[in-house]
There are 2 protein chains.
Amino acid sequence: MDVDVAGASTATATATADDARPAGTGRRRGRPSTPVLSQEAITRVTLRLITRRGYEAFTLAALAKELHVSVSALYNHAASKQQVLLWAQDAINATIDTGPFATLPWDEALASWARSYRDAYADVTPLIPVMAVLPVSDAPGSLAMYETVVAALVEAGWSGGEAVNAVVAVESFVFGSALDTAAPAEIFDVSEDAAPVFAAAVADRHRRYGRGAATADAAFDLGLDALLAGLRARHGSGA
Amino acid sequence: MDVDVAGASTATATATADDARPAGTGRRRGRPSTPVLSQEAITRVTLRLITRRGYEAFTLAALAKELHVSVSALYNHAASKQQVLLWAQDAINATIDTGPFATLPWDEALASWARSYRDAYADVTPLIPVMAVLPVSDAPGSLAMYETVVAALVEAGWSGGEAVNAVVAVESFVFGSALDTAAPAEIFDVSEDAAPVFAAAVADRHRRYGRGAATADAAFDLGLDALLAGLRARHGSGA
DNA sequence: ACCTGAACACCGTTCAAGT
DNA sequence: ACCTGAACACCGTTCAAGT
């Protein structure tokens, strides 16, 4: 599936080009000759809305408006708002790159996968608690991803059980790090009086690593390197 | 502050013992001679409700009912539902144990802190996305925690900037792992046809580590050990 | 089968009125 | 100052009616 969250590759001059009902087509009563909605159209617009305006602003009313359709029309395709979010999850998971597992040593592939994973979720952080708890059997795209990743670890000599644990551990770090990218830049702006050592450390951090997204990246890099160094110490380098 | 999420230490025969308005006291009109509500009472009941019934069931109507008060009475104390949740966060953070930083080497203390942190949040996973993004300056309890942790790392020779990055990295892993504890036990129940290697690995995982919470613990242990091994490799053992 | 618009129960928030 | 109850705008979901 082509996810195209930002609509970049299909971007046109008019916003309505991506919408379900062609611009200028007035609403009619009764069943249309050709369906206006589809899972694909709903999912595409869902990702666009969440990415651009955030999760709080994502209501079925907003979704229906963007699709030029009534709210109740959505229920002919999706059973609930939750289902719409699950479709969004599967589409996002489909964008995570597992290609490196075919060519790189397991540790480098795992690091590459973790970065791709975090990037995919950083735009849709409010979905993380929904997705972290979702049974993967309901999400075909996710299932294929796990198969690829675990197979590479098992091939490299990991036991199945420990391979799954390693994947869960990396995933936990990825989810938490994606949440961190959503934190405001001033999250650690504290007065020197209240916490002098911490305030000085935060100032030093900004000197070394910059501000905003750059600091979140630095923490992610440090954590990922440490995590993989620890996993390598257990199972040897993948090279 | 005594948080007492489950109400265990003050548990009595009647549920109303913890509530704001004494049992049997009927509602009167106008201002009461002594205030019925307080930030403390609201926070205590909030934590109890979220822990017992989950975040979805936590509405101001449910909170007010448990406090034997009208919904609008809450607005004399809290500016919004969001503020009630922030109070809950600070109370939770106050239960995280930073004591080990005073006596143990930095790596062991960090591991102990991470475990305490994860346990504190595992019961209130739906708050994690709220809290991961919350400026710490608004939460005095959290601020004291960061001061203690960062001071211990700096004392051990870390630069301030890298100490903060390490804390953020561990925190990210903790948040993600706390989310994982909320996942249903069958989250990885997949058919052998769809993903044979993965299905076998999941079965092996259950043989080795058990089911449900035990598997989440095993993944957390593996990840935390690896993360700390990696951090130690950078900065030497704390012993 | 697939759309519309009205209806429903519920949500967070505001506010005048009471003491 | 701190409570109550009515009112408001909004939310997700259901359903009869239309083609």
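Chain identifiers are assigned alphabetically (A, B, ...) following the order of the sequence lines, protein sequences preceding nucleic acid strands; residue numbering begins at 1 within each chain. Values below: all heavy atoms of this structure, side chains included; hydrogens, waters and symmetry mates excluded.
For the OP1/OP2 pair of dC3(D) and a distance below 4.0 Å, the side-chain nitrogens and oxygens of His77(B) include at least one atom meeting the criterion.
For Pro35(B), counting side-chain heavy atoms from C-beta on, the closest listed nucleotide (dC3(D), dC11(C), dG12(D)) is dC3(D). Comparing dT4(D), dG12(C), dC3(C) by their nearest atom to the side chain of Leu60(B) picks out dG12(C). With dC3(D), dG5(C), dG12(D) as the candidates, the nucleotide lying closest to the side chain of Ser70(A) is dG5(C). The nucleotide whose nearest atom lies closest to any side-chain atom of Leu37(A) is, among dC3(C), dT13(C), dT4(D), dC3(C). Checking dG12(C), dC3(C), dT4(D) against the side-chain heavy atoms of Ala73(B) singles out dT4(D) as nearest. Relative to the side chain of Lys81(A), the nucleotides dC3(C), dT13(D), dT13(C) differ in distance, and dT13(D) lies closest.
Annotation: side chain of Leu74(B) is not in contact with side chain of Val84(B) (no heavy-atom distance under 4.5 Å).
Between His68(A) atom NE2 and dC2(C) atom C1' the separation is 18 Å, expressed in whole Å. With rounding to whole Å, Tyr75(B) atom OH is found 15 Å from dT4(D) atom P. In this entry the distance linking CD of Gln82(B) with C1' of dT13(C) reads 14 Å, nearest Å. Across the protein-nucleic acid pair, Glu56(B) atom CD and dC10(C) atom P stand 17 Å apart, rounded to whole Å. The CG-C1' distance, from Leu85(A) to dG12(D), rounds to 12 Å in whole Å. To the nearest angstrom, C1' of dT13(D) lies 13 Å from CG of Asn76(A). Atom P of nucleotide dC11(D) and atom NZ of Lys65(A) are separated by 11 Å, given to the nearest angstrom.
Two residues, Leu74(B) and Arg31(B), neighbour DNA chain D, and the one matched to the more 5' nucleotide by heavy-atom proximity is Arg31(B). Residues Ala61(B) and Ser72(A) each lie close to DNA chain C; by heavy-atom proximity, the contact nearer the 5' end of the strand is made by Ser72(A). Along DNA chain C, the nucleotide nearest to Ala79(B) and the one nearest to Pro32(B) differ in position, and the one closer to the 5' end is contacted by Ala79(B).
Between the CG atom of Asp189(B) and the NE2 atom of His206(B) there is a distance of 6.5 Å, given to the nearest 0.5 Å. How far OG1 of Thr95(B) is from CG of Asp90(B): 10.5 Å, rounded to the nearest 0.5 Å.
Ser80(B) comes within contact range of the sugar-phosphate backbone alone, with a heavy-atom separation under 4.0 Å but no base atom that close.
Checked for salt-bridge contact, Asp217(A) and Arg118(A) meet the test: a charged N lies under 4.0 Å from a carboxylate O. Look at Glu66(B) and Arg52(B) and you find no salt bridge, because none of the NZ, NE, NH1 or NH2 atoms lies under 4.0 Å from a carboxylate O.
For an aromatic pair to be called close, the ring centres must be under 6.0 Å apart, and Phe175(A) with Phe175(B) fails this.
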For DNA chain D, the expected dot-bracket line (Watson-Crick or G-U under 3.5 Å, [ ] crossing, | inter-strand) is ||.|||||...|||||.||

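Using bins of under 30°, 30° to 60° and over 60° for the plane-to-plane angle, the ring pair Phe198(B)/Phe188(B) lands in the perpendicular bin.
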Could you go through residues 54-62 of chain B and list every donor-acceptor pair under 3.5 Å that involves a side-chain atom there, pairing it with any protein atom two or more places apart or in another chain?
| unit_1 | atom_1 | unit_2 | atom_2 | d |
| --- | --- | --- | --- | --- |
| Thr59(B) | OG1 | Ala62(B) | N | 3.0 |

